[in-house]
Amino acid sequence: MAGNTSGDDYENIDWDTEDELEIQNITPSSCASLATLNTQTIVSNGEASSSAGPSNSKLVQHFLGMGFSEQLIAKAIKENGEANTESILESLLTYSVLESDSPDEQNSCPQQQQCVEENGELSSDYDESLCDDLSESDDSWSGGSEIADISSSLPKHEKAVLSLANMGYTVEEATAAMERCGPEASIAELTDFICAAQMAKTEDVFFEEEKPKLPLRLNADFKKRKLYDLEIWKRKKRKGLVSEEDEGLRLPNPMIGFGVPTDVNVITHRTLPDAAIGPPFFYYENVALAPKGVWDTISRFLYDVEPEFVDSKYFCAAARKRGYVHNLPIKNRFPLLPLPPRTVNDALPLTKRWWPAWDKRTKLNCLQTVIGSAKLTERIRKALEKWGDDPPQQVQKYVMDECRKWNLVWVGKNKVAPLEPDEVEMLLGFPRNHTRGGGISRTDRYKSLGNSFQVDTVAYHLSVLKDIFPNGINLLSLFSGIGGAEVALHRLGIPLKNVVSVEISEANRDIVRSWWEQTNQKGNLIHLADVQQLNGDRLEQYMGSFGGFDLIVGGSPCNNLAGSNRVSRDGLEGEQSSLFYDYFRILDLVKCIMNKQS
DNA sequence: GTTACTATGACCAATAAG
DNA sequence: CTTATTGGTCATAGTAAC
């Protein structure tokens, strides 16, 4: 078992693709070509600016990681000294705002200092409407209306412009990029384009020194201004025509990805793009039914790997439609045993007695973070009690609609109820009481569970690692939540050697730590709170101490992608969901560091 | 302050209907 | 082919209760 034999599979995997540094024009990936959100990855080249850069490279790295340009950082440090990071940051932000308000200013593009491709020609729009009177704009938006409300109700392409604007680009730049790249272009494509345009425009222009330092604008004012610019853009757009190019990934039906344990049709081979090939292995997850273009963008960032869309209803009694982007082998997968019950009837046998014949459900819908109200179940009971076993169609439809929407199950005569937390735990493949105790409220249990992996599904995908890493793995777990990946690996019998787990919620960290202790794990568990604080230095530190990560798992926040969000379904640029870019940033960092080590 | 409870449609895409 | 209908969704915000 040990040693050489088990290495066979490993060697079949084509890790040794050294030369993946070929220039990729579109893909925002790979260490060499990309700057987006990724400036840190050039560490090894000693990107020392010729301009007598500050000695404190860590400090520079820190701000580079936040997306500011090296020149701006140098300037900010010069102004503020190295000691006061707060004031440096403030200066940097100020520069960005200045840039966006005065297009003449160059070089403050918060990203992409080193894009070289594209011949960035700009449309004439660049010169127009740059001199909009600000006071006018302020007046026109001075009503009590909330900016956020307005922006969230905008069409998607306009949101894209607004996103770019809020990233520090001018609306004119964003518009030009949109016109050039098409309305469905991803933010990555757009930023690439803008950067190229800026490079073209700013050649030979060196950083000017003294700029009047204005007080930092309030964020609301900033957005207000951008929104006004957006209105201008809309007016322009109505005149011209915009090519609508529809292109996008389609969800498979049935949603079984490369295969599920209960189906004989299993795909065992695929070809990964060279840039995607590890080490490390990575495994990224998010909701399948995201707004248009989101999965295209995710896939493009993650080295053009096609997502594997899987509905967990093929693994358990509840649906869970998710997309997974990973570079794992797909041959010889195996499921966790015992196979979990796959019908409501089997999973919740006590409901069978009360389950009416006209409720044809055999599976539950997606387990959410909130549950149906008591009022609703009472309304349903009242609606049903007038009738016998066979209520009229209208009533049946009403009841069924609500049951499907809220995942209600039958717990008594004419009585439906939401699932209990421990039932959700069981359906998702967690040990009973996994989220119980430790002072967590019932509401928060639902929330944590609703945001989690379905363990059997994930374990099936990760099962191929068992032969590859018989001695255990080092895991980097981003957005760990309640530890779905850790539980899956553990149940697969894959030892966890070193786990760096990043999770913002303290309650969730407590849950994972408690599980770690109860299952007598032999490895090390390192907990961090914020992915945004995880930089190259810390990663190198960890990786140096135990020799790199074997697997990077993460399901980034879906808040702004999920259909059930009525308020802020802003897509990948939403407040929480944009943390996807941190997943990519960290993955790419690890990839680069590992390449450097090997 | 924390927790529980409730009301709140939008968006997308698949499907049905015309 | 177009348009209408349907189904489904890792949720948020406000308010009351504790």
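The figures here come from the full heavy-atom set of this structure, side chains too, leaving out hydrogens, waters and symmetry mates. Only a predicted model underlies this, so the values are computations on that prediction, with no experimental measurement involved. Residue numbers begin at 1 in each chain, while the letters A, B, ... track the order of the sequences.
Taking every heavy atom of residues 313-325 of chain A and every atom of DNA chain C, pairs under 4.0 Å involve A:R320, A:R322, by number. For residues 390-410 of chain A, proximity to DNA chain B is found at A:W406, defined as any non-hydrogen atom under 4.0 angstrom from a strand atom. If you check residues 444-463 of chain A against DNA chain C, the residues with a heavy atom closer than 4.0 Å are A:G450, A:N451, listed by number.
The A:S441 side chain lies nearest to B:dA4 when the options are B:dA4, B:dT6, B:dA13. Nearest to the side chain of A:R569, among B:dC12, B:dG9, B:dA14, sits B:dC12.
Results of the ring pair (Phe, Tyr, Trp, His ring centres under 6.0 Å) test with A:F309 over A:W295, A:Y314, A:F258, A:Y324 single out A:W295 as the only residue that passes.
Both A:S373 and A:G563 lie close to DNA chain B; mapped to their nearest nucleotides by heavy-atom distance, the more 5′-ward contact belongs to A:S373. Comparing A:L251 and A:V370, the nucleotide of DNA chain B nearest to each residue sits closer to the 5' end for A:V370.
Among the heavy atoms of the strands, none lies under 4.0 Å from A:G481. Using a 4.0 Å heavy-atom criterion, one finds that A:S312 contacts no nucleic acid atom at all. Residue-level contact check: A:C558 touches the bases, meaning some heavy atom is under 4.0 Å from a base atom.
Between A:R381 and A:E378, at least one side-chain nitrogen of the basic residue sits less than 4.0 Å from a carboxylate oxygen of the acidic one, meeting the salt-bridge criterion.
Partners of A:W410 under the side chain to side chain donor-acceptor pair (under 3.5 Å) rule, at least two apart in sequence or in another chain, are A:D359. Applying the side chain to side chain contact (heavy atoms under 4.5 Å, CB included) rule to A:I371 yields the partners A:P418, A:Y446; only residues at least two apart in sequence or on another chain are considered. Not counting sequence neighbours, the partners of A:D582 by the side chain to side chain donor-acceptor pair (under 3.5 Å) test are A:R585. For A:Q454, the side chain to side chain donor-acceptor pair (under 3.5 Å) partners at least two apart in sequence or on another chain are A:D456, A:T457.
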Listed pairs under 3.5 Å, donor-acceptor, residues 473-490 of chain A side chains, sequence neighbours left out:
{"from": "A:N474", "atom 1": "OD1", "to": "A:N498", "atom 2": "N", "distance (Å)": "3.2"}
{"from": "A:N474", "atom 1": "OD1", "to": "A:N498", "atom 2": "ND2", "distance (Å)": "2.9"}
{"from": "A:N474", "atom 1": "ND2", "to": "A:F546", "atom 2": "O", "distance (Å)": "3.3"}
{"from": "A:N474", "atom 1": "ND2", "to": "A:G548", "atom 2": "O", "distance (Å)": "3.2"}
{"from": "A:S477", "atom 1": "OG", "to": "A:S480", "atom 2": "OG", "distance (Å)": "2.7"}
{"from": "A:S477", "atom 1": "OG", "to": "A:E486", "atom 2": "OE2", "distance (Å)": "3.1"}
{"from": "A:S480", "atom 1": "OG", "to": "A:S477", "atom 2": "O", "distance (Å)": "3.0"}
{"from": "A:S480", "atom 1": "OG", "to": "A:S501", "atom 2": "OG", "distance (Å)": "2.7"}
{"from": "A:H490", "atom 1": "ND1", "to": "A:Q521", "atom 2": "NE2", "distance (Å)": "3.0"}

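Using modelled atom types and a 3.5 Å distance limit, the side chains of A:E306 and A:S299 yield no donor-acceptor pair. A:N414 and A:E385 share no side-chain donor-acceptor pair at under 3.5 Å. Defined by atom type and a distance below 3.5 Å, a donor-acceptor pair is missing between the side-chain atoms of A:Q393 and A:Y398.
The number of heavy-atom neighbours closer than 6.0 Å to CH2 of A:W387, taken from other residues, nucleotides and ligands shown, is 12 or below.
A:Y460 places no side-chain N or O within donor-acceptor distance of the main-chain N or O of A:V455, the cut-off being under 3.5 Å.
The salt bridge (Lys or Arg N to Asp or Glu O under 4.0 Å) pairs that include a residue from residues 319-330 of chain A are A:E285-A:R322, A:D311-A:K321, where partners are two or more places apart or lie in different chains. Listed by first and then second residue, the salt bridge (Lys or Arg N to Asp or Glu O under 4.0 Å) pairs involving residues 401-422 of chain A are A:K397-A:D401, A:E420-A:R442, A:D422-A:R432 (not counting sequence neighbours).
Helical stems involving DNA chain B, defined as 3 or more consecutive Watson-Crick or G-U pairs under 3.5 Å, span B:1-8 with C:11-18, B:10-18 with C:1-9.
Cation-pi geometry between A:K591 and A:F282 is not met: the NZ or CZ atom fails to fall both under 6.0 Å from the ring centre and inside 45° of the normal.
The gap from the P atom of B:dC5 to that of C:dC10 amounts to 23 Å, rounded to the nearest Å.
Taking a heavy-atom distance under 4.0 Å as the criterion, the stretch of DNA chain C touched by chain A extends 5' to 3' from C:dG8 to C:dT12.
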